[in-house]
Amino acid sequence: MTGLFPPDRVEVAPGAVHVPEWLSVERQAELVAACREWARGPVPLRRTRLPGGGVMSVRTVCLGWHWQPYRYARTADDVNGARVAEFPGWLAELGRSAVAEAYGDAGGAGSVYAPDAALVNFYDGDARMGMHQDKEERCAAPVVSLSLGDTCVFRFGNPEGRGRPYTDVRLASGDLFVFGGPSRFAYHGVPKVLPETADPAVGLLGGRLNITLRETGLGAGRRAADDQR
Ligand SMILES: O=C(O)CCC(=O)C(=O)O
């Protein structure tokens with residue numbers, strides 16, 4: 001937390017919690033540096049090609065498991081065929097702290113959280129993300145979202161469809177957003193990034209980074225099969 005009296009967490013929908021200013025500026029800068037390293041490879045940042053022929057405006061790199069529409073694999077078959085970088089233990093630890101912060105420690109939700117995949121999204125220029133569900137995971141564990149750089153408008157909807165009701169939340173650098181429980185499969189998207197809103201101390205000159213942590217539910221058997229590819 002950065003402020004003397006940090007803003008409280010806000011429950012945007014049941015199980016969907018926004019915690020403003022969760023990461024210190026120093027921690028944000030460390031995460032930006034880590035994202036730069038991950039973007040170098042073994043799989044580079046890429047714009048994801050959609051089955052309908054469109055290309056996403058956001059550029060993405062994955063850790064642990066590579067996401068492509070609409071499945072996870074160990075190798076980035078739609079990029080360069082390389083195996084994605086390992087999911088770091090320290091990032092899983094950060095995910096556990098995030099879940100504990102969002103939901104409180106009482107239920108122990110944080111201690112059992114075991115994310116094994118991360119999508120790192122970079123938004124520059126007019127990049128945005130349409131309303132979608134995160135549903136390739138075979139597991140209903142929460143998604144943890146960390147925002148870095150420019151502020152965005154994050155649209156958080158409902159599990160039934162892309163339309164209303166939804167809530168527009170401003171996610172600023174250092175904010176945490178966790179969605180699980182009844183909101184785990186809610187549609188969400190990023191209609192807008194607000195340029196030049198980042199603190200230069202974070203180390204991202206222009207644009208926004210978002211890291212989402214997920215539990216894929218893809219077990220050791222699947223992993224062993226993939227290792228033999
Ligand atoms: O950038 C964001 O805040 C949302 C990212 C997202 O929805 C996703 O990676 O599925």
Side-chain angles (χ1 to χ4, degrees), residues 10 12-13 15-20 22-23 28 31-32 35 38-39 43 45-50 54-72 76 78 84 87 91 95 98 102 115-137 139-159 161-162 166-180 183-195 197-198 202 204 206-216:
V10 180
V12 172
V17 181
H18 176 205
V19 187
W22 186 59
L23 296 165
Q28 292 172 52
L31 284 170
V32 168
C35 289
W38 294 326
V43 181
L45 266 185
R46 60 67 157 102
R47 289 186 212 276
T48 305
R49 196 164 287 281
L50 298 167
V55 178
M56 289 175 72
S57 54
V58 169
R59 285 187 283 162
T60 307
V61 65
C62 304
L63 308 174
W65 289 92
H66 179 78
W67 177 84
Q68 70 181 82
Y70 292 97
R71 66 189 178 90
Y72 284 102
D78 61 339
V84 295
F87 188 95
L91 195 55
D116 61 344
L119 270 66
V120 179
N121 292 313
F122 179 63
Y123 298 74
D124 61 358
D126 290 330
R128 63 194 69 183
M129 192 176 288
M131 294 294 276
H132 66 281
Q133 292 170 295
D134 295 347
K135 61 176 184 182
E136 279 67 62
E137 300 78 23
C139 172
V143 173
V144 166
S145 157
L146 303 168
S147 290
L148 301 163
D150 285 339
T151 298
C152 79
V153 176
F154 180 64
R155 181 161 292 171
F156 195 79
N158 64 86
R162 292 185 165 77
Y166 54 69
T167 306
D168 283 349
V169 181
R170 281 190 181 213
L171 293 184
S173 197
D175 286 10
L176 164 68
F177 196 97
V178 178
F179 52 103
S183 285
R184 170 60 180 81
F185 296 102
Y187 281 84
H188 57 279
V190 176
K192 196 171 183 176
V193 176
L194 309 173
T197 45
V202 169
L204 189 64
R208 168 176 186 262
L209 280 166
N210 173 260
I211 307 174
T212 54
L213 311 184
R214 298 118 186 263
E215 263 190 52
T216 63

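FYI, side chains are in, hydrogens and waters are out, and symmetry mates aren't considered; it's all heavy atoms of this structure. Whatever order the structure lists ligands and atoms in, that order sets their numbers, starting from 1.
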Do the side chain of Asp150 and the main chain of Ala198 share a donor and acceptor less than 3.5 angstrom apart? yes
Pick one of side chain, backbone, both or neither for how [X] approaches ligand 1, counting any non-hydrogen atom pair under 4.0 Å.
{"X": "Asp134", "value": "side chain"}
{"X": "Tyr123", "value": "side chain"}
{"X": "Arg214", "value": "side chain"}

Relative to each other, are the rings of Phe156 and Phe177 parallel, tilted or perpendicular (30° and 60° limits)? tilted
Gln133 and Tyr187: side chain donor to acceptor below 3.5 Å: yes
Whether the Thr212 and Arg214 side chains hold a donor-acceptor pair (N or O, under 3.5 Å, no angle test) is what I'd like checked. yes
Just which atoms of ligand 1 are under 4.0 Å from any heavy atom in Thr212? 9 (O)
Using a 4.0 Å cutoff against the non-hydrogen atoms of Val190, which atoms of ligand 1 qualify? 1 (O), 2 (C), 3 (O), 4 (C)
Are any of the side-chain nitrogens in [X] or [Y] under 4.0 Å away from the carboxylate oxygens of its partner?
{"X": "Arg170", "Y": "Asp175", "result": "no"}
{"X": "Glu136", "Y": "Arg71", "result": "no"}
{"X": "Asp78", "Y": "Arg46", "result": "yes"}

How far is [atom] from its nearest protein heavy atom, and which residue and atom name does that atom have?
{"atom": "atom 6 (C) of ligand 1", "result": "Met129 SD, 3.4 Å"}
{"atom": "atom 10 (O) of ligand 1", "result": "His132 NE2, 2.8 Å"}
{"atom": "atom 5 (C) of ligand 1", "result": "Asn210 OD1, 3.4 Å"}
{"atom": "atom 9 (O) of ligand 1", "result": "Asn121 ND2, 2.9 Å"}

Any N or O on Arg208 sitting closer than 3.5 Å to an N or O of ligand 1? yes
